[in-house]
Each structure stands twice: as C-alpha cells, then as structure tokens.
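Here's the structure, in structure tokens; my notes come after.
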Amino acid sequence: QVQLVESGGGSVQAGDSLRLSCEASGRSLSNYVMGWFRQGPGKEREIVASISWNGGRTYYTNAVKGRFTISRVNAKNTVTLQMNSLKAEDTAVYYCAAGEHLSTDRNSYDYWGQGTQVTVSS
C-alpha cells in the first residue's frame, strides 16, 4: 500500500504561483509512475501532468504546458507540481496518484491522495 498526502494548495490571484507537494509513505515511490490530476466544479477528473519512475519522461495536458512543471525526488518520496501564471480556469481540487504505467487515464493509477484545493481568482 502507498499512502499519498498532498499539500500546498490555497487561494491566489491570477498570475500567481503555487507549488503542490505529494509525500508518500508505505512504499518507495521509485517503483511508480506519478501523476497529478484535477477536478474542477462540475467537471470530470482530468490529467494535468505525469512523470515516469526516474523522471525521464513527462507529460502535460495542453492547458498547462509552459506553465506547470512536474518533478520528483525519489530519495525523499516526494513529487511536486510547480504551477506558474495561474488562471481562473486552473481552479480545482488537485490530486496526486501513483500507478505502474505512464498513462493519461485515471483508471491506470492505483493510489490516490485526498486532494488539495487550488482557487484562482481573476
């Protein structure tokens, strides 16, 4: 079992930055692909970014390319999502997830955190 806990969410103004962190316990994250998902009000949960087990491959949804950066430090069992130039449409609950295969499909991820709220005011 892997337990994931997100932190770093909050309420900011458009154009500001936030850094989300996901800390794992129970097992080493080095064996897992990691993803950040988000779910806005009335919307489906969607992929934001993902990163391979060694950080060599990353994926970003088009809406965040050039603004968000996913990274990981396996030795610290943490994954981060640096979010710059935030927009109102980035408002959502953000979840980190761990899985065995690099995928944009949320059903491919086996472990999930509880989520952290990000609210961006325009």
Side-chain angles (χ1 to χ4, degrees):
Q1 287 285 342
V2 177
Q3 291 79 44
L4 303 172
V5 178
E6 303 96 336
S7 61
S11 296
V12 297
Q13 297 290 317
D16 286 349
S17 298
L18 278 176
R19 185 177 180 88
L20 304 185
S21 293
C22 175
E23 185 171 350
S25 61
R27 285 185 181 177
S28 171
L29 277 186
S30 62
N31 297 319
Y32 296 95
V33 165
M34 298 300 297
W36 281 97
F37 289 75
R38 66 185 179 186
Q39 188 165 14
K43 296 182 179 180
E44 295 286 322
R45 191 172 299 188
E46 62 175 359
I47 185 82
V48 176
S50 61
I51 188 167
S52 60
W53 68 273
N54 65 352
R57 293 174 61 194
T58 57
Y59 165 86
Y60 297 94
T61 192
N62 286 338
V64 308
K65 281 181 181 177
R67 300 188 297 123
F68 290 12
T69 303
I70 188 171
S71 60
R72 65 190 298 163
V73 179
N74 288 339
K76 295 185 177 181
N77 250 16
T78 58
V79 179
T80 60
L81 185 68
Q82 177 67 42
M83 306 187 296
N84 298 328
S85 302
L86 282 162
K87 304 176 180 179
E89 50 263 43
D90 294 319
T91 295
V93 178
Y94 283 71
Y95 301 88
C96 72
E100 295 185 2
H101 306 288
L102 196 63
S103 174
T104 60
D105 184 354
R106 62 187 181 188
N107 294 315
S108 295
Y109 292 81
D110 302 309
Y111 303 102
W112 292 82
Q114 83 289 348
T116 185
Q117 176 70 47
V118 171
T119 303
V120 185
S121 301
S122 58

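- Taking every heavy atom of both residues into account, Val2 and Ala24 meet most closely at CG1-CB, 4.2 Å.
- Looking only at side-chain heavy atoms (C-beta outward), Gln1 and Gln3 come within less than 4.5 Å of each other.
- No continuous path of ILVMFWY side-chain contacts below 4.5 Å connects Phe37 to Met34, so the two sit in separate hydrophobic clusters.
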Side chains of residues 7-15: which donor-acceptor partners sit under 3.5 Å, not counting sequence neighbours?
none

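- The backbone N or O of Trp53 lies less than 3.5 Å from a partner atom in the side chain of Asn74, making a donor-acceptor pair.
- Of the residues listed (Gln114, Arg45, Arg38), the one engaging Tyr95 in a side-chain contact (heavy atoms from CB on, under 4.5 Å) is Arg45, and it is the only one.
- Here CG of Leu102 is found 10.0 Å from OH of Tyr59. Values are rounded to the nearest 0.5 Å.
- Arg67 places a side-chain N or O within donor-acceptor distance of the main-chain N or O of Ser85, the cut-off being under 3.5 Å.
- We find the CG-NE2 distance between Asp110 and His101 to be 8.0 Å, quoted to the nearest 0.5 Å.
- By the 6.0 Å contact criterion, CD on Glu23 is open, its count of non-hydrogen atoms from other residues, nucleotides or ligands being 12 or less.
- The closest side-chain heavy-atom distance from Asp90 to Leu18 is not below 4.5 Å.
- Atom CG of residue Leu20 and atom OG1 of residue Thr80 lie 9.0 Å apart, to the nearest 0.5 angstrom.
- A distance of 7.5 Å separates OG in Ser30 from CZ in Arg72, rounded to the nearest 0.5 Å.
- Contact record, Ala49 with Tyr60: CB-CD2, 3.7 Å, taken as the closest heavy-atom pair.
- The distance from atom OG of Ser122 to atom CG of Leu86, rounded to the nearest 0.5 Å, is 12.5 Å.
- Hydrophobic clustering, with ILVMFWY side chains joined whenever heavy atoms are under 4.5 angstrom apart, groups Val79 together with Phe68.
- The shortest non-hydrogen separation linking Ser108 to Ser103 is OG-OG, 3.3 Å.
- The CG atom of Leu4 sits 9.5 Å away from the OH atom of Tyr32 when rounded to the nearest 0.5 Å.
- Proximity of a side-chain donor or acceptor of Thr91 to a complementary backbone N or O of Val120 within less than 3.5 Å is detected.
- A single hydrophobic cluster is not seen to contain both Ile47 and Val118; linkage of ILVMFWY side chains at heavy-atom distances under 4.5 Å, directly or through other members, places them apart.
- When side chains are defined from C-beta on, Trp36 counts as touching Glu6, because their heavy atoms get closer than 4.5 Å.
- Side chains of Met83 and Val48 form no contact here, defined as non-hydrogen atoms less than 4.5 Å apart.
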